[in-house]
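We name chains A, B, ... by the order of the sequence lines, and we start the count at 1 in each one.
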2 protein chains.
Amino acid sequence: MPTHPRPRGPKPNRMDPDQLLDAAQEVFARDGLRAASLRAIAKQAGCDPALIYYHFDSKEAMFAALLARRFPPIQKELEALSAPEDPRPTALRLWEVVRIYHRNLKDDPGIRSLIRGEIVHGAEGLADILQERIRPIMMAVKSILDRGIALGELRADLHPLLGTFFLVRMHLEILDLLPTVLSRLMGLPRDRAVETGLQAWFDLYWRGIAKDPSIPLPPLPELSADVNATKETHP
Amino acid sequence: MPTHPRPRGPKPNRMDPDQLLDAAQEVFARDGLRAASLRAIAKQAGCDPALIYYHFDSKEAMFAALLARRFPPIQKELEALSAPEDPRPTALRLWEVVRIYHRNLKDDPGIRSLIRGEIVHGAEGLADILQERIRPIMMAVKSILDRGIALGELRADLHPLLGTFFLVRMHLEILDLLPTVLSRLMGLPRDRAVETGLQAWFDLYWRGIAKDPSIPLPPLPELSADVNATKETHP
DNA sequence: GCGATGATTCAACGTCTGTTGAATTGGAGC
DNA sequence: GCTCCAATTCAACAGACGTTGAATCATCGC
């Protein structure tokens with residue numbers, strides 16, 4: 001007697017589209033957009049591949065939904081930070097940029113590799129979506145650099161767009177590559193690689209863009225400390 | 001009468017394995033290692049996919065052969081440059097590093113994306129090959145930084161491995177991403193993006209690592225000038 | 001209780017992939 | 001001119017892929 005393998009119909013606890021996105025994010029993080037298969041995503045989510053097509057139009061639509069879930073918070077934080085009335089020195093504000101990126105992207109290699117991959121080998125449909133998401137968060141950083149130049153804290157000959165590109169891209173490269181490069185290629189431990197690398201990077205970067213590099217950096221808050229605890233070190 | 005589509009047997013001009021590598025390089029450059037298919041490579045080379053298996057053991061072996069063709073010259077140039085008796089100031093020697101990388105990798109996005117991709121999602125077999133190729137060329141750069149510190153030209157607290165990582169990775173990111181980011185995301189022209197970006201980057205980097213950042217950079221030779229014409233500007 | 005609707009699975013499609021074994025042929029050596 | 005080998009192609013394999021249409025079941029409104 002052939003047992004019907006699995007009962008069809010809705011499960012006891014229904015599948016939220018967000019759960020599918022969680023699974024997709026995990027698989028994308030492991031394999032990248034192209035290599036990630038819908039079957040692998042379905043297995044990760046514990047459902048049939050066809051269910052994905054009930055909630056999303058296609059694999060690309062799933063990627064777009066992932067972007068739509070991840071980017072607006074980053075954009076909101078960055079735009080708040082780049083408000084011109086912020087009285088903090090430029091160094092601190094740029095460090096806040098780093099912290100915002102870090103909090104939002106450090107645990108999501110999938111999104112990172114997706115973004116980079118689509119910029120390099122951009123499929124047509126996704127290019128517009130990407131531009132719409134990335135442009136505002138680059139412009140927010142750029143406006144901080146613009147203001148730093150106007151205030152005389154940064155070199156007058158600094159190219160603000162290039163400065164933005166350098167800061168952000170190196171941050172993401174540190175997340176993506178530094179642990180592996182240090183451990184696999186150099187035999188060093190990888191546990192503190194990201195924090196050490198990011199601090200060294202920001203120090204180098206600041207010297208590179210500051211009008212007077214001999215002025216040392218002010219004390220910077222911890223990378224992953226809570227956003228509401230910028231002043232208190234102990235409760 | 002069914003025409004035998006193509007005559008079998010050897011062609012009038014035989015296929016050099018190097019020609020296959022050329023084709024593979026081109027396709028890898030377009031599509032990346034995973035997405036590049038042997039059928040696409042064969043079409044690019046004008047032969048049958050099976051011929052690839054006559055000259056190479058597998059797709060991975062083809063990739064390894066590509067590395068073996070591209071890296072030894074870079075390694076040789078860098079090791080000659082890092083000889084401790086070189087009397088030039090550290091800034092000039094580091095700029096030579098940039099030029100060596102540039103000459104050898106600027107026209108080969110395939111190799112670049114392959115290396116990076118394999119570091120991020122490293123397949124087991126290729127990881128060792130990569131390490132064997134990359135480690136020496138990173139150590140050569142590191143030894144220049146080490147010497148710069150010892151001579152007092154660079155900051156004493158500079159971490160040489162991180163400094164190497166920053167210099168090289170940002171160079172490759174400028175090649176891979178800057179033109180696209182500037183044009184597609186910002187609407188700027190992309191033709192001089194790489195040269196402008198690289199010079200701005202080296203300027204920033206040098207300020208970041210120099211012991212005395214207020215000393216300006218010496219005049220630097222052109223990026224792509226011939227390697228034998230470092231002194232003579234006119235014959 | 002019943003029918004509609006929404007959520008889920010099954011099975012299959014056509015296409016592409018890396019890879020292999022057998023068939024074929026041009027040219028070199030004798 | 002014959003033989004042999006090296007180089008090339010053909011045809012096919014088994015598996016994975018994205019995607020779709022139909023079938024199934026659970027639950028809700030009535």
Using whole Å, what does the distance between atom [atom2] of nucleotide [N] and atom [atom1] of [X] come to?
X: B:Q19; N: D:dA7; atom1: CD; atom2: C1'; value: 13 Å
X: B:D16; N: D:dT8; atom1: CG; atom2: C1'; value: 15 Å
X: A:L38; N: D:dT20; atom1: CG; atom2: P; value: 11 Å
X: B:D48; N: D:dC10; atom1: CG; atom2: P; value: 6 Å
X: A:I52; N: C:dA7; atom1: CD1; atom2: C1'; value: 14 Å
X: B:Y53; N: C:dT20; atom1: OH; atom2: P; value: 6 Å
X: B:F56; N: D:dT8; atom1: CZ; atom2: C1'; value: 15 Å
X: A:L33; N: D:dC17; atom1: CG; atom2: C1'; value: 14 Å

On the 0 to 90° scale, with breaks at 30° and 60°, tag the B:Y205-B:W201 ring pair as parallel, tilted or perpendicular. tilted
[X] bridged to [Y] by N-O distance under 4.0 Å:
X: B:E77; Y: B:R103; answer: yes
X: A:R30; Y: A:E26; answer: no
X: B:R116; Y: B:D176; answer: no

Any base atoms under 4.0 Å from A:A40, or only sugar-phosphate, or nothing? Heavy atoms, all strands. nothing
Could you check whether B:A35 gets within reach of a base, just the sugar-phosphate, or nothing at all, counting any heavy atom under 4.0 Å?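 Counting heavy atoms under 4.0 Å across all strands, no contact is made by B:A35.
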Which listed nucleotide ([options]) is nearest to the side chain of [X]?
X: B:Y54; options: D:dT8, D:dG18, C:dG18; value: D:dT8
X: B:L51; options: D:dT9, D:dT19, C:dT19; value: D:dT9
X: B:R39; options: C:dT8, D:dG18, C:dT19; value: C:dT19
X: A:A50; options: D:dG21, C:dA12, C:dT19; value: D:dG21

Ignoring backbone atoms, establish whether B:H55 has a side-chain N or O less than 4.0 Å from OP1 or OP2 of D:dA6.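 For B:H55, the contact criterion (side-chain N or O under 4.0 Å from OP1 or OP2 of D:dA6) is not met.
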Can you find a side chain N or O atom of A:S37 that sits less than 4.0 Å from OP1 or OP2 on D:dC17? yes
On DNA chain D, does the nearest nucleotide to A:D57 precede the nearest nucleotide to B:P49 from the 5' side, or the other way round? Give the residue.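 Final value for this comparison: B:P49.
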With a 4.5 Å limit on heavy-atom distance, are the side chains of A:R69 and A:D22 in contact? yes
